[in-house]
2 protein chains.
Amino acid sequence: MEKADYIIRGDYVLPMDEGHTVIKDGAVVVRGKSIIDVCEGKDISKKYSSKNIIGGENRAVLPGLINTHTHAAMVYFRGMADDLPLKEWLEKHIWPAESKWLSPEFVSDATELACLEMLKAGITTYSDMYFFEDASGRAAKKIGMRAVLGAGIVDFPTISGKNADEYLGKAEKFIEKWKKDELITPCIAPHSIYACGPETLTKVKKIAGKYNVPIHIHVSEARWEVEEIEKKYDKRPVEHLENLGFLDGCMVAAHCVWVNEKEIEALAKHKVGVSHCIESNLKLGSGIAPVPAMLRAGIMVAFGTDGAASNNDLNILSEMSTAAKVHKTVSGDPTALDAKTALLMATRWGAEVLGLGEITGSLEKGKAADIIIMNLDRPHLTPLYDIYSHIVYSSMASDVETVFVNGKFVVDNRKLCSVDEGEIISKARAWSRKIR
Amino acid sequence: MEKADYIIRGDYVLPMDEGHTVIKDGAVVVRGKSIIDVCEGKDISKKYSSKNIIGGENRAVLPGLINTHTHAAMVYFRGMADDLPLKEWLEKHIWPAESKWLSPEFVSDATELACLEMLKAGITTYSDMYFFEDASGRAAKKIGMRAVLGAGIVDFPTISGKNADEYLGKAEKFIEKWKKDELITPCIAPHSIYACGPETLTKVKKIAGKYNVPIHIHVSEARWEVEEIEKKYDKRPVEHLENLGFLDGCMVAAHCVWVNEKEIEALAKHKVGVSHCIESNLKLGSGIAPVPAMLRAGIMVAFGTDGAASNNDLNILSEMSTAAKVHKTVSGDPTALDAKTALLMATRWGAEVLGLGEITGSLEKGKAADIIIMNLDRPHLTPLYDIYSHIVYSSMASDVETVFVNGKFVVDNRKLCSVDEGEIISKARAWSRKIR
């Protein structure tokens, strides 16, 4: 009889392997930070003993969801300006607010709120690009969330630096500082091709190679970007990146709304991971990424919420639902992006896109115990014929009951364990009274 | 000092008038079945006394949401078949299941579950088209929900009748039986133009006129309908209806995905209400209705969930969010379908489309007390700059805390008051074990 820290039971355990296995009446066994077994539940008591047996009837157990693209601290600007054209939204609302308010303290407080929201929506790992990422890393660790963090690099002065070399220097220091952390993976995050010239991108690539960290970049979110890049470099954005030798290694390309067939081929060839941010793209009127074509080409596509200022929530369950529905109509094919594929994108593929495929994204022996329990005992999840369908099309973030990150209870029956939720919310309200 | 049954307080009271008024620290006063006042909260205790003062800090108070098109009892087929082309979905899954299982008992039990789900999502009124609507009416009344119900009329035999005349006869009886009910409004519901020939539609129109009840019909949901009707009648669907004199009076046209400019003009001219079912349309790959053009033409557009078998939930909050986002990208205009318009469509306009504009859909003195309280004290609703934005883009059904229908407490702190929720869910599971 082996001792375990937790035995997590569920009517449905979804390991999220490529075969879409469903273990009915299953169990996930956790010791320390790791999953030590994923198996049927009926004989579990003969094999493992634990004081903590949780989950059970009317519960689904699955790997934590992965948010591959966000600007977590922007949660403090949620709903500040909506229903506006991108340019007006940015120039009249977001940028002035950022340049007035951003500071390490702002980022730290706001990231706590974002982590709280994400964890309660079943997200255990997120990938961030923003300012003052050191503060962000401290907040994520304090809350107990896994994160891939990269400070934005641009060619012009902002609140956090004067020029590319300053940002690059800070990025190297940031990587060195966090490189060995268990929960935080540093990455390097050039903002975009239009904000970073070839020289900066080449330096970024060098640093990524030197430290073996992922690159996180915006690619072709809006149509004007493509036009601007074509005018400047006589190449489409992905071709430009390919030409610079930028596409190899672990890279997360966020958005990829305006990519043509040739660019899709190049992304597939170089194994670039794409972060699909459907709700933000729809809300800003940016367009709809050709996800079914990317999937056919073999690109690993995952989901991202983008910042809460343009979404307006940090909820991968609803990204899945929206994406699976929208792509059916846009492609004219109701079989496009089915529920099983959507959930794979939100879990296993999300982790692989971030270079964390060995660590998280599925329930497998040896992986970190990043696990969520969903409560299926709800009117809107009744009756139940197909667990994948229910998670993707019918569930809500509030159905996430319990969340483990790295073997630690971080949400217990919808309550954050690490920090008082009321405090996080009070701080947010205090900031918003100033910002308003 | 006047006595009141309930004083409902909220940091934000949204009466849902056309001026988008927000009463900060407001109150809604209820006596019996009606709203007797909507006012600022600060002096309320000088004017009214009540033992029941509810809501308050961090709460938004708004009229109950209106679901203008559903097939409530199909909730028992939720997730039974997904990610399939419409024809295969209908012919291989839905129709066989319906012909095997439908009965008054099925419809009554399933409608209870649908009402439970809808009420907990803040929907206080729904408009239904299905079979055995008498059973549906009894269930809705038992749960305590307002409904507009119409038994489907077609030209061919189904589980509930042999031919059009039998359906029409039953429809008249149904109308006579329920005509004076306080919560249930009977309507007449010819399924569609392709399922009802001109003779049947003419008879439907006569009955609607005789009893002064609304007509509820599917119009141009899928592209093949338009082609079929054009081939048969040499007219597009809306022109065909106009030609039959069918468009005057209170009429709910569900879907209207494939309507051209001329048809939009005709719908506007005859004041036909449109039920926009964006999530079902997207999921079945049917297309995207030209809602911004309809709104510009002055058509009153409201939201419908359609049945849960093709959605897969009964949630108007998420319909609002999806529609407001999708239309921005489809129209290429990020100002299209803003949050205020979306919430108007989900409340006041929904009631008007159903012919219930005098009774419900807004918080006004003299209207029925159909009221919901939303809890804003949630991470995903923090911070708060714009209450409309939060309700449309960030809230979840689970934020609906309390629901009144016709002056009665039907959901109290997320618990149904009229019937034991566990019983409703148990019945659903028992049915699904048979159906599976």
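Side chains included, hydrogens not; waters and symmetry mates left out as well; all remaining heavy atoms used. Protein chains get the first letters and strands the later ones, always in sequence-line order, with residue 1 at the start of each.
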*So, are A/R436 and B/D386 salt-bridged, with charged N and O less than 4.0 Å apart?*
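Here A/R436 does not pair with B/D386 in a salt bridge, since their nearest N and O are not under 4.0 Å apart.
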
Check [X] against [Y] and note the closest heavy-atom contact, atom names and distance.
| X | Y | value |
| --- | --- | --- |
| B/S394 | A/R78 | OG-CD, 3.7 Å |
| A/Y385 | B/S432 | OH-CB, 3.6 Å |
| B/P383 | A/A428 | CB-O, 4.1 Å |
| B/K283 | A/K328 | O-CD, 3.0 Å |

*asked:* For B/K100, is the NZ atom crowded, meaning more than 12 foreign heavy atoms sit under 6.0 Å from it?
replied: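 Not more than 12 within 6.0 Å, no.
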
Heavy-atom pairs under 4.5 Å with chain A: which of [options] has the most?
| options | result |
| --- | --- |
| B/L116, B/I424, B/I425 | B/I425 |
| B/D82, B/I387, B/L337 | B/D82 |
| B/G422, B/S331, B/P379 | B/P379 |
| B/V330, B/D333, B/I435 | B/I435 |

_Using a 4.5 angstrom heavy-atom cutoff, name the option from A/S389, A/A397, A/A81 with the most pairs to chain B._
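Top option by heavy-atom pairs under 4.5 Å: A/S389.
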
*Just give me the residue among A/L381, A/D377, A/I278, A/T322 that pairs up with chain B most often, heavy atom to heavy atom, under 4.5 Å.*
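It is A/D377.
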
Need one label for [X]: side chain, backbone, both or neither, based on atoms under 4.5 Å from any heavy atom in chain A.
| X | result |
| --- | --- |
| B/D399 | neither |
| B/L384 | backbone |
| B/R378 | backbone |
| B/L84 | backbone |
| B/H380 | both |

*Would A/D83 and B/Y393 count as having a side-chain donor-acceptor pair, cut-off 3.5 Å?*
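There is such a pair (donor and acceptor under 3.5 Å, judged by atom type) between the side chains of A/D83 and B/Y393.
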
*Find out whether A/P334 and B/L284 are in side-chain contact, i.e. whether some heavy atom of one side chain is under 4.5 Å from a heavy atom of the other.*
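Not touching, per the 4.5 Å side-chain cut-off.
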
*asked:* For the OG1 atom of B/T382 and the CZ atom of A/R429, what is their distance to the nearest 0.5 Å?
replied: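 The OG1 atom of B/T382 sits 5.0 Å away from the CZ atom of A/R429.
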
*Sort out for me which residue in A/I288, A/V326, A/N281, A/V257 forms a side-chain contact (heavy atoms from CB on, under 4.5 Å) with B/T329.*
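That would be A/I288.
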
*asked:* Does anything in residues 308-321 of chain B reach chain A? List residues with heavy atoms under 4.5 Å apart, or say none.
replied: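 If one takes a 4.5 Å heavy-atom cut-off, the residues of residues 308-321 of chain B near chain A are B/N311, B/N312, B/D313.
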
